[in-house]
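See structure below.
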2 protein chains.
Amino acid sequence: MRARRSNSREKILAAAADVARESGPGSLSLDAVASRAGVSKGGLLYNFPTKAKLMQGLVENFLNEFELALEARIAEASHESSLAAYIQLSADDCEKPKPSASWMFSAIAEDPDFLTPIKAFKRQLFKRLKGETDDLGSLLVCFLAIEGLRSMNLFDSDVLSQKEHRLLISSLLEIAG
Amino acid sequence: MRARRSNSREKILAAAADVARESGPGSLSLDAVASRAGVSKGGLLYNFPTKAKLMQGLVENFLNEFELALEARIAEASHESSLAAYIQLSADDCEKPKPSASWMFSAIAEDPDFLTPIKAFKRQLFKRLKGETDDLGSLLVCFLAIEGLRSMNLFDSDVLSQKEHRLLISSLLEIAG
DNA sequence: TTGACAACACCGTCCAGCCGGTACAGTAAA
DNA sequence: TTTACTGTACCGGCTGGACGGTGTTGTCAA
């Protein structure tokens with residue numbers, strides 16, 4: 001696609017994430033997003049003809065940014081494994097207490113199928129990591145633990161202290177080898 | 001609290017879970033739940049005066065059942081640790097492909113605070129497990145990995161094959177010691 | 001008689017999507 | 001250089017429908 005589009009799209013996407021995070025996933029209405037983005041409702045509908053398209057945009061944006069961040073991590077620390085890079089990226093993402101992806105709940109409520117691209121992405125990532133190790137058991141443990149960490153962050157659970165968070169990460173990195 | 005009450009409550013709770021699973025969390029309306037439960041809307045509102053009360057009932061029911069199942073597991077295999085029991089209970093819960101808790105998304109959309117009891121329960125469980133081990137690192141890894149497993153089940157992700165699922169569980173049990 | 005509903009009409013609110021404008025940038029002929 | 005036309009980007013009011021919740025009346029078993 002062309003990226004040189006108006007920056008309203010990005011503003012709207014960011015506004016949607018903000019609204020979901022601050023007012024709750026159930027309050028993500030087109031009016032709320034439009035006013036938050038400093039755009040009229042008509043303007044919003046111009047960029048995203050339907051609410052479903054907005055959700056789709058949110059998902060795609062999320063996936064793109066995550067993929068970019070992961071590739072950057074892997075590239076800048078080429079001496080360590082992709083799994084280690086994934087662990088550390090996730091650790092950083094989840095350390096700051098921002099349930100930044102509450103919009104995901106809105107998307108699921110709209111239609112559970114919006115998760116399909118995310119599931120596909122995860123399958124692909126897992127497959128890739130499998131290709132880089134011969135210790136499947138350790139990979140499974142690390143991959144699932146990171147999944148758990150992300151889940152807790154998404155649900156805004158503050159079960160782990162910072163100290164425990166760091167201990168977890170170091171334990172995972174040790175298991176990952 | 002009085003469990004000797006009518007069985008309509010249970011029927012309604014089950015119906016709500018069914019509707020959320022089959023029609024999506026966004027379609028969990030009072031009308032849908034009532035008709036699914038074979039109850040009139042008035043009857044539903046007699047048992048749950050408001051939608052929020054219904055959600056609360058869903059959460060409490062879930063927590064009660066989980067706690068009962070966990071205590072039963074721990075009691076019937078008193079030679080192994082509580083952590084091991086928790087791992088195996090979760091493994092069983094997640095093995096059968098039932099995204100049985102989609103209602104949780106509806107509850108979050110309604111009001112994220114509905115998660116508070118669940119978060120409290122998890123904190124309590126984690127604290128209890130901490131009291132039974134001196135290897136915090138291993139506990140963290142196991143606890144988070146189970147969290148990840150439950151998350152994937154909730155999101156209906158089929159990333160892991162059955163073989164991988166079993167390997168994960170055996171790896172976790174080994175780590176748990 | 002009372003508790004546990006059924007049946008049903010009805011209200012207020014919220015919200016997605018539609019539609020008729022508007023401002024403006026390019027562009028192309030005259 | 002002016003005029004006329006075209007497409008883009010956006011505005012904001014409106015509506016039709018869904019949904020949560022209320023109120024009333026009726027039923028039937030314990």
Side-chain angles (χ1 to χ4, degrees), chain A residues 1-20 22-59 102-103 105-114, chain B residues 1-20 22-59 102-103 105-114:
Chain A
M1 324 289 187
R2 66 170 63 87
R4 194 204 54 269
R5 234 23 193 305
S6 71
N7 65 354
S8 288
R9 279 185 69 94
E10 300 166 24
K11 271 186 359 186
I12 291 169
L13 256 12
D18 288 347
V19 169
E22 289 169 19
S23 308
S27 305
L28 203 145
S29 67
L30 295 186
D31 288 284
V33 173
S35 89
R36 176 75 183 226
V39 166
S40 75
K41 197 170 177 182
L44 198 170
L45 267 323
Y46 179 81
N47 286 280
F48 300 95
T50 177
K51 193 175 189 182
K53 293 280 185 189
L54 176 59
M55 299 301 181
Q56 189 183 329
L58 246 8
V59 171
S102 309
W103 56 263
F105 296 124
S106 315
I108 296 170
E110 185 76 12
D111 183 352
D113 285 346
F114 282 123
Chain B
M1 292 307 169
R2 285 271 58 85
R4 190 57 39 225
R5 268 294 157 65
S6 68
N7 64 353
S8 286
R9 278 186 70 94
E10 300 165 23
K11 270 185 2 188
I12 291 169
L13 257 12
D18 288 347
V19 170
E22 289 169 20
S23 308
S27 305
L28 197 125
S29 67
L30 296 186
D31 289 289
V33 174
S35 88
R36 174 74 183 225
V39 166
S40 74
K41 193 176 175 181
L44 197 170
L45 286 163
Y46 180 82
N47 287 280
F48 300 95
T50 176
K51 191 176 189 180
K53 294 280 183 187
L54 175 60
M55 298 301 181
Q56 190 182 328
L58 246 9
V59 171
S102 309
W103 55 264
F105 296 125
S106 315
I108 295 171
E110 186 75 13
D111 183 351
D113 286 346
F114 282 123

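Per chain, numbering begins at 1; letters A, B, ... match sequence-line order. Just so it is clear, the values below take in all heavy atoms, side chains as well, and ignore hydrogens, waters and symmetry mates.
- Listed pair A/Asn47 / D/dA9 fails the phosphate criterion, with no side-chain N or O lying under 4.0 Å from OP1 or OP2.
- Residue-to-nucleotide contacts include a donor-acceptor pair under 3.5 Å from the side chain of A/Lys41 to the base of C/dA16.
- Shown here for B/Pro25 and B/Phe105, the closest heavy-atom pair between the two residues is CB-CB, 3.7 Å.
- We find that CD1 of B/Ile12 is positioned 11 Å from C1' of C/dA4, with the value rounded to whole Å.
- Nucleic acid contact class of A/Gly42 (heavy atoms, under 4.0 Å, all strands): base.
- Pairing each heavy atom of A/Ser27 with each of A/Ala32, the nearest pair is O-CB, 3.9 Å.
- Rounded to whole Å, atom C1' of D/dC10 lies 8 Å from atom OH of A/Tyr46.
- Closest of all the heavy-atom pairs between A/Ala15 and A/Arg36 is CB-CG, 3.6 Å.
- Contact annotation: the side chain of B/Leu13 approaches that of B/Leu54 to within less than 4.5 Å [non-hydrogen atoms, C-beta and beyond].
- In this structure, CG of B/Leu44 is placed 13 Å from C1' of D/dC19, rounded to the nearest angstrom.
- Contact annotation: B/Ser8 does not reach the phosphate of C/dA4 (side-chain N/O to OP1 or OP2, under 4.0 Å).
- Of all heavy-atom pairs spanning A/Ala20 and A/Leu28, the tightest one is CB-CD1, 3.4 Å.
- A heavy atom lying under 4.0 Å from DNA chain D marks the following residues of residues 48-56 of chain B, by number: B/Thr50, B/Lys51.
- Closest approach of B/Leu44 and B/Leu30 over heavy atoms only: CD1-O, 3.3 Å.
- The interatomic distance linking A/Leu45 (CG) with C/dC19 (P) rounds to 12 Å, in whole Å.
- Considering all non-hydrogen atoms of both residues, B/Arg9 and B/Phe48 come closest at NH2-CE2, 3.6 Å.
- Of the possible polar contacts, one joining the A/Ser40 side chain to the A/Gly43 backbone as a donor-acceptor pair under 3.5 Å is found.
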>> Let's go through B/Met55 and B/Trp103 carefully: what are the C-alpha distance in whole Å and the side-chain angles of both, what is the deciding distance for side-chain contact (heavy atoms from CB on, under 4.5 Å) to 0.1 Å, and is it a yes or a no?
In response: CA-CA 8 Å; B/Met55 298 301 181; B/Trp103 55 264; 5.9 Å; no
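- Of the residues in residues 24-31 of chain B, those lying under 4.0 Å from DNA chain D by heavy-atom distance are B/Leu28, B/Ser29, B/Leu30.
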